[in-house]
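The structure under discussion appears below in the form of structure tokens.
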Amino acid sequence: MGKIKMTAEPGKHEIIMTREFDAPRELVFKALTDPTLIPRWWGRTYTKTAVDYMDARPGGGWRYVEQDTDGSEYAFRGVYHDITAPERVVQTMEFEGMPGHVGLETMTLEEHDGKTTITTSSIFQSVEDRDGMLQTDMETGANESWDQLEDVIKTLL
């Protein structure tokens, strides 16, 4: 349906991303929380993703490993704090390449007229951590992932 709208106000610890998908939120939620679907959309277009583990329940954890074309691996992990199907997921996220820099992510899904808007608020421990994440070309990566998510959701319709 389009590109992510990203907001990162100067001096704040937060990044907010919003995007609309042309599907009911139950299907969008399924694509976000089903470990068999994650490898089909998570990551950049030139990487392959494997789900090392995923226990989508409060207190459960997750770990995804991306591999690029030259074989380099990039792992991400976190813990689920709240999952309220099909409207909200609260989890931590840490890039293992930068240990100790953990963000708290709250993803809400709102449905209007058969379309679902995802809003993700990512809170970082410091403004420097937030700015460091922005400098990794996060917006391009998020757009690629969510474009692929949109393709996966279409297969579920």
Side-chain angles (χ1 to χ4, degrees), residues 1-8 12-19 21 23 27-86 88-109 116 118-156:
M1 297 268 345
K3 297 297 176 199
I4 289 173
K5 177 186 174 199
M6 183 179 283
T7 306
K12 303 262 178 158
H13 293 235
E14 181 179 35
I15 298 171
I16 299 173
M17 296 186 298
T18 304
R19 181 161 168 179
F21 295 86
L27 291 183
V28 177
F29 187 85
K30 176 179 175 57
L32 293 169
T33 57
D34 183 333
T36 66
L37 299 175
I38 300 296
R40 293 176 49 195
W41 66 265
W42 174 279
R44 304 294 299 261
T45 56
Y46 57 85
T47 64
K48 292 182 181 180
T49 299
V51 175
D52 184 28
Y53 59 85
M54 183 176 177
D55 184 8
R57 63 173 177 81
W62 61 274
R63 182 175 187 264
Y64 309 153
V65 181
E66 284 183 68
Q67 186 177 58
D68 67 19
T69 53
D70 70 4
S72 297
E73 292 188 342
Y74 309 92
F76 301 83
R77 66 178 173 206
V79 174
Y80 294 103
H81 291 266
D82 181 44
I83 295 184
T84 306
R88 186 168 76 153
V89 176
V90 180
Q91 64 187 16
T92 58
M93 184 177 80
E94 178 180 18
F95 172 50
E96 290 182 4
M98 294 179 61
H101 298 273
V102 180
L104 180 65
E105 187 173 274
T106 301
M107 184 179 309
T108 57
L109 291 82
T116 301
I118 297 177
T119 302
T120 302
S121 166
S122 298
I123 306 288
F124 297 86
Q125 294 171 343
S126 68
V127 174
E128 292 77 21
D129 279 0
R130 193 244 8 216
D131 290 349
M133 183 61 75
L134 289 169
Q135 291 170 5
T136 67
D137 203 17
M138 175 188 183
E139 187 170 4
T140 300
N143 272 308
E144 287 181 12
S145 283
W146 284 15
D147 285 348
Q148 294 171 128
L149 175 61
E150 185 169 38
D151 292 341
V152 169
I153 291 166
K154 287 178 185 175
T155 70
L156 302 175

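Quantities reported herein were computed from a predicted structural model and do not represent experimental measurements.
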Check your understanding: Under 4.5 Å between any side-chain heavy atoms of Ile83 and Phe29, yes or no?
Key -> yes
**Study point:** Note, Ile118 side chain near Trp146 side chain (heavy atom, < 4.5 Å)
**Key:** yes
Review point. Taking Ser72 for the side chain and Asp68 for the main chain, is one N or O donor matched with an acceptor at less than 3.5 Å?
Key: no
**Study point:** Nearest heavy-atom neighbours spanning Thr92 and His81
**Key:** CG2-NE2, 3.3 Å
Review point. Is Thr116 reaching over with its side chain to a backbone N or O of Ala23, donor-acceptor style, under 3.5 angstrom?
Key: yes
Exercise for review: Side-chain contact test, heavy atoms from C-beta onward, threshold under 4.5 Å: evaluate it for Val89 versus Leu32 and give yes or no.
Suggested key: no
Point to revise | Contact summary for Arg44 and Gly141, nearest pair of heavy atoms | key: CD-CA, 3.4 Å
Practice item. Measure across Gly43 and Ser145 and return the closest heavy-atom pair with its distance rounded to 0.1 Å. Key: N-OG, 2.9 Å
Revision key, fill the gap. Between the CZ atom in Phe95 and the CE atom in Met133, the distance rounded to the nearest 0.5 Å is 8.5 Å
Exercise for review: Using atom types as modelled and distance alone, determine if a side-chain donor or acceptor of Arg130 lies under 3.5 Å from a backbone N or O of Lys12.
Suggested key: yes
Exercise for review: State the CE-OG distance between Met107 and Ser122, to the nearest 0.5 angstrom.
Suggested key: 8.0 Å
Exercise for review: May I ask you to decide if the ring planes of Tyr64 and Trp42 are parallel, tilted or perpendicular, using 30° and 60° as cut-offs?
Suggested key: perpendicular
Check your understanding: For the residue pair Pro99 and Glu94, what are the closest heavy atoms and their distance?
Key -> CA-OE2, 3.2 Å
**Study point:** Presence of salt bridge, Arg77 and Glu96, under 4.0 angstrom
**Key:** yes
Point to revise | Interatomic distance, Leu149 atom CG to Leu37 atom CG [nearest 0.5 angstrom] | key: 9.5 Å
Practice item. Identify the heavy atoms of Ala31 and Val152 that sit nearest to each other, and give their distance. Key: CB-CG1, 4.4 Å
Practice item. Find the distance between NZ (Lys30) and CD1 (Ile153) and round it off to the nearest 0.5 Å. Key: 12.0 Å
Check your understanding: Going by heavy atoms in the side chains, are Arg19 and Asp147 under 4.5 Å from each other?
Key -> yes
Study note, to complete from the structure: In this structure, CD1 of Ile4 is separated from OG1 of Thr119 (nearest 0.5 Å) by 11.0 Å
Review point. Could you give the distance from OG1 (Thr33) to CE (Met54), rounded to the nearest 0.5 Å?
Key: 6.0 Å
Check your understanding: With no hydrogens and no angle check, is any side-chain donor or acceptor of Gln148 less than 3.5 Å from a backbone partner on Trp41?
Key -> yes
Point to revise | Under the side-chain hydrogen bond (donor to acceptor under 3.5 Å, both in side chains) test, residues paired with Thr120 that sit two or more places apart | key: none
Review point. Side chains of Asp151 and Arg40: closer than 4.5 Å at any heavy-atom pair?
Key: no
Review point. Are any of the side-chain heavy atoms of Val65 and Gln67 separated by less than 4.5 Å?
Key: no
**Study point:** Phe124/Ile15 under side-chain contact (heavy atoms from CB on, under 4.5 Å): CA gap, chis, key distance, verdict
**Key:** CA-CA 8 Å; Phe124 297 86; Ile15 298 171; 3.6 Å; yes
Exercise for review: Show the numbers, then the answer: is there a salt bridge (Lys or Arg N to Asp or Glu O under 4.0 Å) between Glu139 and Lys3?
Suggested key: CA-CA 10 Å; Glu139 187 170 4; Lys3 297 297 176 199; over 6 Å; no
Exercise for review: Of all the heavy-atom pairs spanning Leu109 and Val28, show the shortest one and how long it is.
Suggested key: CD2-CG1, 3.6 Å
